[in-house]
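What you see is a predicted model; the values in this text were computed from it and never measured. Residues take their numbers from the sequence shown, with the count starting at 1.
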Amino acid sequence: MLARRSGTPTAVRLPRYTKADQEEILGVGDDPFGVAAAGLAWLQKEEHFGARHGDRLVAHVGLLRLPVAIGEVETEVVGVGGVAVAPDMQGRGPARTVLTAALDHARTMGPQHALLFCRPPLVALYQRLGWHLLERDVLVEQPESRVVTMPLRTMVTPLCDDAHWPSEPVRLFSLPM
């Protein structure tokens with residue numbers, strides 16, 4: 001657990017992340033992440049981090065390792081997804097708190113980069129948090145052996161000092177996260 005001043009969110013590693021946890025953060029709704037219109041199937045995350053404000057879970061980030069090709073080079077990235085911040089806590093630090101904790105852990109997972117997909121209005125937030133926008137389309141897998149162009153924006157961040165993201169086509173060899 002990361003120590004924080006009283007009244008500010010505290011990062012915690014979560015043993016699991018349930019639908020009830022998501023509803024505690026985002027409330028009940030058919031499209032809590034605002035991406036249903038994309039029509040995509042998504043992977044479940046394997047590692048979970050949260051931010052608590054008092055006893056309340058106010059933010060979440062999920063992680064998992066994923067195979068990817070950047071140009072002709074096959075490698076892995078840490079996929080970052082399920083990023084959620086309680087509406088009444090936005091702008092009060094939980095996104096930075098939980099992403100910092102999750103990326104600290106991601107640095108121990110092996111890949112040199114983390115990758116996430118986001119709606120266009122969130123690009124500036126992630127840029128302030130050190131992420132870089134990819135200008136190229138990214139291909140992702142979908143059920144029934146379909147490969148589609150990701151309709152959301154793709155962002156990357158290095159997980160080690162010497163990591164460099166090439167300017168090559170990108171293909172995720174899995175469902176998106």
>> Less than 4.5 Å apart, side chain to side chain, heavy atoms only: is that true for W131 and L116?
In response: yes
> What is the distance from atom OG1 of T8 to atom CZ of R52, rounded to the nearest 0.5 Å?
Replying inline: 14.5 Å
>> Tell me whether L14 shares a hydrophobic cluster with L99, the cluster being built from Ile, Leu, Val, Met, Phe, Trp, Tyr side chains joined at under 4.5 Å.
In response: no
> Which pair of heavy atoms, one from Q142 and one from L40, lies closest together, and at what distance?
Replying inline: OE1-CA, 3.2 Å
> How many angstroms lie between atom OH of Y126 and atom CZ of F117, to the nearest 0.5 angstrom?
Replying inline: 12.5 Å
>> Let me confirm one number: the CD-CD distance from Q44 to E46, rounded to the nearest 0.5 Å.
In response: 10.0 Å
> Is it true that L125 and L103 fall in one hydrophobic cluster, defined by side-chain heavy atoms closer than 4.5 Å?
Replying inline: yes
>> Is there a side chain to side chain contact (heavy atoms under 4.5 Å, CB included) between Q127 and L129? Walk through the geometry before answering.
In response: CA-CA 5 Å; Q127 287 175 323; L129 297 173; over 6 Å; no
>> Any heavy-atom pair between the side chains of T97 and T10 that's under 4.5 Å?
In response: no
> Between R56 and D88, is there a side-chain N and carboxylate O pair less than 4.0 Å apart?
Replying inline: yes
>> Is there a continuous path of hydrophobic side-chain contacts, each under 4.5 Å between heavy atoms, that joins M177 to L122?
In response: no
> Any idea which heavy atoms bring Y17 and A84 closest together, and the distance?
Replying inline: OH-CB, 4.3 Å
> Going from CG on L115 to CE on M150, what distance comes out if it is rounded to the nearest 0.5 angstrom?
Replying inline: 9.0 Å
> How far does CG of L57 sit from CD1 of I25, to the nearest 0.5 angstrom?
Replying inline: 4.0 Å
> Under a single-linkage rule joining Ile, Leu, Val, Met, Phe, Trp and Tyr whose side-chain heavy atoms are separated by less than 4.5 Å, which residues share a cluster with V147?
Replying inline: L139
For residues 153-172, tabulate all N or O donor-acceptor pairs below 3.5 Å that involve a side-chain atom, not counting sequence neighbours.
from: T157; atom 1: OG1; to: G130; atom 2: O; distance (Å): 3.3
from: R171; atom 1: NH2; to: E141; atom 2: OE2; distance (Å): 3.0

> Between the side chain of R107 and the main-chain N/O of Q112, is any donor-acceptor distance below 3.5 Å?
Replying inline: no
>> With heavy-atom distances below 4.5 Å as the criterion, would you say the side chains of S174 and L43 are in contact?
In response: yes
>> Using side-chain heavy atoms (C-beta onward) and a distance below 4.5 Å, is P94 in contact with R92?
In response: yes
> Going by side-chain heavy atoms closer than 4.5 Å, which hydrophobic residues are tied to F173, directly or by a chain of links?
Replying inline: none
>> Restricting to side-chain hydrogen bond (donor to acceptor under 3.5 Å, both in side chains), what partner residues turn up for Q22, sequence neighbours left out?
In response: none
> Looking at side-chain heavy atoms only, is the closest gap between V98 and T100 below 4.5 Å?
Replying inline: no
> side-chain hydrogen bond (donor to acceptor under 3.5 Å, both in side chains) with D21: which residues, sequence neighbours excluded?
Replying inline: T18
>> Using every non-hydrogen atom in the two residues, find where V85 and A95 come nearest and quote the distance to one decimal.
In response: CG2-CB, 3.9 Å
Would you mind writing out the side-chain donor-acceptor pairs for residues 60-83 within the sub-3.5 Å range, not counting sequence neighbours?
from: H60; atom 1: ND1; to: G82; atom 2: O; distance (Å): 2.7
from: H60; atom 1: NE2; to: H48; atom 2: ND1; distance (Å): 2.9
from: R65; atom 1: NE; to: E76; atom 2: OE1; distance (Å): 2.9
from: R65; atom 1: NH1; to: M109; atom 2: O; distance (Å): 2.4
from: R65; atom 1: NH2; to: E76; atom 2: OE1; distance (Å): 2.1

